[in-house]
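Throughout, protein chains are lettered first and strands after them, A, B, ... in sequence-line order, and every chain is numbered starting at 1. Quick caveat, the model's predicted, so the values are computed rather than measured. Note that these values count all heavy atoms, side chains included, but never hydrogens, waters or copies made by symmetry.
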Amino acid sequence: MMSQGEEQNELLQVRRDKLESLREKGIDPFGAKFERTHTAKEILDAYDALSKEEIEEKNQPVVIAGRLVAKRKQGKASFAHLQDQSGRIQIYVRKDQVGDEQYETFTTADLGDWLGISGVVFKTNRGETSVKAKEVTFLSKSLRPLPEKFHGLKDVELRYRKRYLDLIMNPDVKETFLTRSRIISTMRRYLDDHGYLEVETPTMHTIPGGAAARPFITHHNALDMDLYMRIAIELHLKRLIVGGIEKVYEIGRVYRNEGISTRHNPEFTMLELYKAYADFHDMMDLTENLIRHIAREVLGTETVEYDGNTVDLGRPWARKHMADLVKEHTGVDFRREMSDGEARRLAEEHGVELKPGMTFGHILNEFFEQKVEEKLIQPTFVYGHPLEISPLAKKNEEDPRFTDRFELFIVGREHANAFSELNDPIDQRERFETQVREKSQGNEEAHPMDEDFLEALEYGMPPTGGLGIGIDRLVMFLTDSASIRDVLLFPTLREQG
RNA sequence: GACCCAUUAGCUCAGUUGGCAGAGCACCUGACUUUUAAUCAGGGUGUCCCAGGUUCGAGUCCUGGAUGGGUCACCA
């Protein structure tokens, strides 16, 4: 739909007029199937290294197609660039080669129009490998002007709202999303090769569980029932472990009704994976091997630059207890016996902010988040999370104030979360009850009671290691992207007013 | 949710002390058969984010709002 203002816009009107004149000449402005033989990159890869004479000798016929992105008319001959998914290639169109009619079609084509060119490969005097047109086929009309050719599309809002323009104008953007795709396919292949079964579980839940987050609520009309968009995949995959599927994973979207920032989008992609008979140490090995493998396969290196930091994924990754890290950075020893009151006093002493009702474990976690987290640049497995913040993880045998859980930190950010899964249904029920009490005291993100899940555990779940990796943050890290919006094709934005 | 910044032509951006709305690219007309941010000559195409206010006069100053970005909060 054109707005009132746009109907008067000369640039749009000119293009509509050109569309009409194409029709008058019997050319379909939104043409049909076109068979090409080469992409731009295939031609450049094959011929760019050859000399002008060598290329001329081969006289290689090619058919290419793409969007017209630059045009240099020079009287009875013109140079231009066509862009396809692989890149750009120059074309050279001469009136004496293509004839008066096609030459006019070509010279009246606008930047943004789609063209097919049949011709031969050659090299110009200035050394650019190009295609000399024998035939110009008009493929599709562009009724709107593209962003400026040199400065491109800079406006961040427009780049996110009209990602297609961003992809046309900014080659780095396309590269980032190709890398994202390779990261995910490499991950999938690795897990498939290691015997994991990929599954799909519901994204609409009756109880929003498996994580601590506020959910989106939706409604099923026929059942007259509220449903929650999932905040995690966890509880369904564990039911599959109960069902005897021993190595299972899902890569999928989860939804959390929380703030938006450079590191948070309301919907994001997680890998969750569960392995029967394993524990959180196995999950550390798997995480380390998987991410290192992805870096090697996709980036061709184990050394990653992120925001000015050089991160070495090649050396063995540090594995440190949360309490030991807090001691290292603040001198406070949470391994020893400590009352909630003493912990609170130490927090005040060290300027660690707390919320009312926090106990020993919450306070340790606040120490870690406020004093340590951002300093963990090189990959570090932080394990031994306090019981209070880990309602789905097994207690540590030696010290039940902690759990057999870890989070992976790289460049000061959480990239993975894993634990030895709690498979004792009696303990799990107590944890849920504690969470429900927290909820009634105002913690909106506390975990709800889930009787159906407890019933599944009561049938018996083998000891199991579980792992979650935030794919978007992994892609951010591996593509040196500052914002999660730069690794999501269509990030969540407010509705345009 | 709080604070800071931005919003001017299709795009990238200038706009002085409050005094006729600007440039480059794109587009239109013409010249040009190896150019490449092609070049040369000519042409300005606009809801200055929106709504109020101050003023003889507002793109500019004031108030409120919208959208976006950043920082923080939130995100175990």
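At the heavy-atom level, A/K76 lies under 4.0 Å from base atoms of the strands shown. Counting non-hydrogen atoms under 4.0 angstrom, A/K95 reaches nothing in the nucleic acid. Contact annotation for A/G152: backbone-only contact, meaning every heavy-atom pair under 4.0 Å involves sugar-phosphate atoms and none involves a base. Contact annotation for A/Y160: backbone-only contact, meaning every heavy-atom pair under 4.0 Å involves sugar-phosphate atoms and none involves a base. Contacts of A/K71 with the nucleic acid, taken as non-hydrogen atoms under 4.0 Å apart, are absent. Using a 4.0 Å heavy-atom cutoff across all strands shown, A/R485 reaches sugar-phosphate atoms only and no base atom. Base contact: A/Q90 has a heavy atom under 4.0 Å from a base atom. Nucleic acid contact for A/E369: sugar-phosphate only, since backbone atoms but no base atoms lie under 4.0 Å from a heavy atom of the residue. A/T262 comes within contact range of the sugar-phosphate backbone alone, with a heavy-atom separation under 4.0 Å but no base atom that close. Here A/H385 lies out of heavy-atom contact (under 4.0 Å) with every strand.
How far CZ of A/F138 is from OG1 of A/T105: 8.5 Å, rounded to the nearest 0.5 Å.
Within the 4.5 Å cutoff, the side chain of A/S420 has no heavy atoms near those of the A/T403 side chain.
When the P atom is compared between B/C49 and B/A14, the two are found 14 Å apart, to the nearest whole Å. Nucleotides B/U17 and B/U60 are separated by 10 Å at their C1' atoms, to the nearest Å. Comparing the C1' positions of B/G18 and B/C48 gives a spacing of 15 Å, expressed to the nearest Å. Using C1' as the reference atom, B/A2 and B/A37 are 44 Å apart when rounded to the nearest Å.
Looking at the side chain of A/V14, the nearest of the listed nucleotides B/U34, B/C27, B/G10 is B/C27. Proximity note for A/L11 (side chain, C-beta onward) versus B/U45, B/U36, B/U12: the nearest is B/U45.
Residue A/E157 places no side-chain atom within donor-acceptor reach of the base of B/U67, judged by atom type and a 3.5 Å distance cut-off alone. A donor-acceptor contact under 3.5 Å is not formed by the side chain of A/Q74 with the base of B/U39.
Both A/G75 and A/R214 lie near RNA chain B, and the one whose nearest nucleotide falls closer to the 5' end is A/G75. Along RNA chain B, the nucleotide closest to A/F419 and the one closest to A/L493 are compared, and the more 5′ of them pairs with A/L493.
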Donor-acceptor contacts, no H, no angles, side chain residues 166-174 of chain A, under 3.5 Å, sequence neighbours left out:
unit_1	atom_1	unit_2	atom_2	d
A/D166	OD1	A/R159	NE	2.9
A/D166	OD1	A/N170	ND2	2.6
A/D166	OD2	A/R159	NE	3.2
A/D166	OD2	A/R159	NH2	3.3
A/D166	OD2	A/R163	NH1	2.7
A/N170	ND2	A/L153	O	3.3
A/K174	NZ	A/Q85	O	3.2

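At least one side-chain nitrogen or oxygen of A/R126 sits closer than 4.0 Å to the OP1 or OP2 atom of B/U35.
Each ring pair (Phe, Tyr, Trp, His ring centres under 6.0 Å) pair with one or both residues in residues 57-76 of chain A, not counting sequence neighbours, would appear here, but there are none.
By the neighbour-count criterion of 12 heavy atoms within 6.0 Å, atom CD of A/E369 is densely surrounded, having more than that number from other residues, nucleotides or ligands.
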Check your understanding: For RNA chain B, what dot-bracket results from Watson-Crick or G-U pairs at under 3.5 Å, with [ ] for crossers and | for inter-strand partners?
Key -> (((((((..((((.....[..))))((((((.......))))).)...(((((..]....))))))))))))....
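Ring-centre distance between A/H385 and A/F419: not below the 6.0 Å cut-off.
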